[in-house]
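Take a look at the structure set out below.
Just so it is clear: chains get the letters A, B, ... in the order the sequence lines come, proteins before strands, and each one is counted from 1.
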Amino acid sequence: MTTSPRTLMRVHFHLPGPDPVLYEQLLDVLTGITPQVEAHPADFSADADLTGALRYWGTDPAGLVDVLRLRALALYGVLTSSGTGPNRTIAAMAAALTPPGAATIVGNTPYDIAAFLRPRHVAALPGIGPTTARTLSRLGITTVGELADAPLPALQRILGAAPARQAHDRARGIDDRPITPGAAPRSLTLSHRFHADELDTDQHHRTLLGLTERLGAALRQDQQITQALSLTVTYADRTHTTRTRTLPEATAHTPVLAALARDLLASLGLQRARVRALAVRADRLQSAEHAVHQLTLDDQDDRLRRLETVLDRVRSRYAPGIIGSAAAHRRAS
DNA sequence: TCTGGGGTCCTAGGACCC
DNA sequence: TCTGGGGTCCTAGGACCC
């Protein structure tokens with residue numbers, strides 16, 4: 001079976017500064033060209049599938065990229081740098097080596113793909129970070145072409161089965177990851193960095209309680225529940241420890257999250273530890289429609305859940321941080 | 001150019017069950 | 001009753017991406 005060739009694009013918007021509103025407007029420009037857009041707000045870039053849009057607009061990838069470049073510049077004064085190619089790996093690599101205001105177009109013939117990929121350094125291949133690049137260079141593999149020619153079993157012994165398969169495929173121009181617009185996140189993290197290294201365990205607990213309250217509220221607002229919670233403690237020397245615990249049932253109920261987070265922190269047994277930051281992550285998110293709350297005979301629990309619903313409404317009406325437990329806000333005297 | 005934050009995926013090892 | 005093997009789940013940590 002063969003699949004029809006795709007044309008994917010990675011575009012970087014070169015904003016004058018962090019401006020989420022402007023970024024949203026630029027995404028609107030892009031979705032005016034193709035609805036198949038995946039946003040990357042962290043660095044103001046986006047991936048897009050141009051395959052259908054090429055037929056709709058009756059042009060080639062260079063023409064479509066130029067439409068985007070001109071509109072972003074004319075409407076918002078923003079420069080773009082774009083890369084296009086037959087898959088996400090090649091589009092990302094092409095964009096990465098393109099200066100602002102320009103585009104790199106890679107064709108979809110085997111010759112085009114090999115000519116683009118093979119001479120490049122392995123570290124330019126998405127999925128090959130500094131650690132893996134060092135490992136490969138010790139084996140004499142420094143270019144994408146050498147990686148493509150290396151025997152897969154040997155790579156698997158060195159890099160592990162899945163990473164080796166992925167690197168080997170991508171080096172040969174194989175990458176069938178689709179563009180998935182609006183994909184729901186699989187986890188949600190909230191963190192707090194202390195102004196100075198914090199030794200007070202009571203303050204650790206209060207901060208953690210505040211984080212879990214915000215996490216619970218955010219999950220309930222997004223109609224999501226979490227199946228597991230992780231706590232990451234970062235110390236003064238920038239090392240960190242993570243502890244994960246699975247919940248008996250998925251929930252977004254703050255008291256349950258707070259109790260679990262408290263247990264995770266206690267399990268680390270921090271005594272006089274210089275803590276620089278705390279982070280809580282809700283893992284394995286699922287839609288709240290799937291919630292199966294075990295019926296209990298505990299009136300207190302039901303009252304807390306009703307109270308939580310009321311407080312969520314107040315928060316949404318005023319400000320996210322306006323309500324929280326007194327314990328989370330009390331400062332050590 | 002570097003750093004940090006928030007996210008994903010993978011692996012290894014241990015616990016547990018059948 | 002004991003042992004061993006295989007499968008599954010959980011957890012910690014590493015590597016990487018944007």
Side-chain angles (χ1 to χ4, degrees), chain A residues 8-15 18 20 23 26-27 37-48 81-83 87-96 99-100 122-136 155-170 175 177-180 182-195 211 214-215 218-219 222 224 226-250 260-261 263-265 267-269 276-285:
Chain A
L8 305 190
M9 174 178 66
R10 162 76 52 85
V11 56
H12 292 275
F13 296 110
H14 299 274
L15 307 191
Y23 176 62
L26 290 159
L27 286 179
V37 171
E38 207 178 290
H40 304 305
D43 66 347
F44 302 120
S45 70
D47 284 337
S81 53
S82 306
N87 62 47
R88 297 182 66 146
T89 292
I90 293 172
M93 291 171 74
V122 279
L125 199 66
I128 305 293
T131 306
T132 307
R134 270 195 302 276
T135 304
L136 291 172
L155 293 174
Q156 287 182 316
R157 277 195 298 277
I158 298 150
L159 304 180
R165 162 67 67 184
Q166 177 187 289
H168 198 238
D169 278 351
R170 290 185 185 176
D175 174 10
R177 289 174 298 160
I179 303 291
T180 47
R186 304 166 72 92
S187 69
L188 177 64
T189 306
L190 287 178
S191 66
H192 177 86
R193 178 167 289 268
F194 294 106
H195 295 302
L211 284 173
R214 286 170 48 208
L215 188 69
L219 289 173
D222 292 349
Q224 288 191 299
T226 177
Q227 185 70 69
L229 208 62
S230 296
L231 166 69
T232 298
V233 179
T234 304
Y235 306 100
D237 63 0
R238 292 188 181 171
T239 60
H240 49 84
T241 313
T242 300
R243 289 293 176 272
T244 304
R245 196 76 49 88
T246 296
L247 286 151
E249 65 182 67
L260 185 57
D263 288 351
L264 286 168
L265 183 56
S267 76
L268 290 173
R276 182 160 293 178
L278 294 172
V280 278
R281 187 178 71 230
D283 276 317
R284 286 144 65 190
L285 300 186

Proximity to the side chain of A:P163 - top-ranked nucleotide from C:dC18, B:dT11, B:dG4: B:dT11

Would you confirm whether A:Y23, through its side chain, and A:F13, through its main-chain N or O, come within 3.5 Å as a donor-acceptor pair? no

So does A:R88 get a side-chain nitrogen or oxygen closer than 4.0 Å to the phosphate oxygens (OP1/OP2) of C:dC17? no

A:R186 side chain, from C-beta outward: closest of B:dG5, C:dC16, B:dT8: B:dT8

Any A:T189 side-chain N or O less than 4.0 Å from OP1/OP2 of B:dG5: no

Would you mind telling me which of B:dC10, C:dC17, B:dC9 lies closest to the side-chain atoms of A:P126? C:dC17

Does C:dC18 have its OP1 or OP2 closer than 4.0 Å to a side-chain nitrogen or oxygen of A:R10? yes

Is the backbone N or O of A:P126 less than 3.5 Å from a side-chain atom of A:R170, with the two atoms forming a donor-acceptor pair by type? yes

Is the ring pair A:H12/A:H14 parallel, tilted or perpendicular, if the boundaries are 30 and 60 degrees? tilted

What is the separation between atom CZ on A:R170 and atom P on B:dC9, rounded to the nearest whole Å? 11 Å

So what does A:I128 hit on the nucleic acid, given a heavy-atom distance under 4.0 Å: a base, only sugar-phosphate, or nothing? sugar-phosphate

C:dC18 P sits how many Å from A:H14 NE2, rounded? 15 Å

Working note: A:Q227 + A:T246, criterion side-chain hydrogen bond (donor to acceptor under 3.5 Å, both in side chains); need CA distance, chi angles, decisive distance, verdict. CA-CA 6 Å; A:Q227 185 70 69; A:T246 296; over 6 Å; no

Please report the distance, rounded to the nearest Å, between CD in A:Q227 and P in C:dC10. 8 Å

Grab the CG-C1' distance between A:L260 and C:dC10 for me, whole Å please. 13 Å

Calculate the interatomic distance between A:D169 atom CG and B:dC10 atom P; express it in whole Å. 13 Å

Looking at A:N87 and A:T89, would you say the former's side chain and the latter's main chain have a donor-acceptor pair under 3.5 Å? yes

Select base, sugar-phosphate, or nothing to describe what A:L125 touches, counting heavy atoms under 4.0 Å on all strands. sugar-phosphate

Tell me, what's DNA chain C's dot-bracket, Watson-Crick or G-U with both distances under 3.5 Å, | for other-strand, [ ] crossing? ....||||||||||||||

Could you check how far CG of A:L264 sits from C1' of C:dC10, rounded to whole Å? 13 Å

Please work out if A:R177 contacts a base, only the sugar-phosphate, or nothing of the nucleic acid, heavy-atom cut-off 4.0 Å. nothing

Starting at CG of A:L229 and ending at P of C:dC10, how long is that distance when rounded to a whole Å? 15 Å

If you compare all heavy atoms of A:L285 against all heavy atoms of A:L219, which two are closest, and at what distance to 0.1 Å? CD2-CD2, 3.8 Å

Donor-acceptor pair, side chain of A:Y235 and main chain of A:T241, under 3.5 angstrom: no

To check you understand the geometry: which heavy-atom pair defines the closest contact between A:L125 and A:A167, and what is its length? CD2-O, 3.8 Å

What is the nucleic acid contact for A:A161, judged by heavy atoms within less than 4.0 Å: base, sugar-phosphate only, or nothing? sugar-phosphate

Using a 4.0 Å heavy-atom cut-off across all strands, classify A:P41 as base, sugar-phosphate, or nothing. nothing

Would you say A:D263's side chain and A:L265's backbone share a donor-acceptor pair under 3.5 angstrom? no

Without decimals, in angstroms, what is the distance between A:D175 CG and C:dC16 P? 17 Å

Under 4.0 Å between a side-chain N/O of A:R281 and OP1 or OP2 of B:dG7, yes or no? no

Using a strict threshold of under 4.0 Å (side-chain N to carboxylate O), is an ion pair present between A:R177 and A:E38? no

So which nucleotide from B:dT8, B:dG5, C:dA15 ends up closest to the side chain of A:R193? B:dG5

Main-chain N/O of A:D283 paired with A:T226 side-chain donor or acceptor, under 3.5 Å: yes

Residues from residues 236-246 of chain A sitting under 4.0 Å of DNA chain B, heavy atoms only? A:R238

Are OP1 or OP2 of C:dC10 and a side-chain N or O of A:R284 less than 4.0 angstrom apart? yes

Consider the side chain of A:A162, meaning its heavy atoms from C-beta on, and name the nucleotide among C:dC18, B:dT11, B:dG7 that approaches it most closely. B:dT11

Taking only N and O in the side chain of A:S191, is any of them less than 4.0 Å away from OP1 or OP2 of B:dG5? no

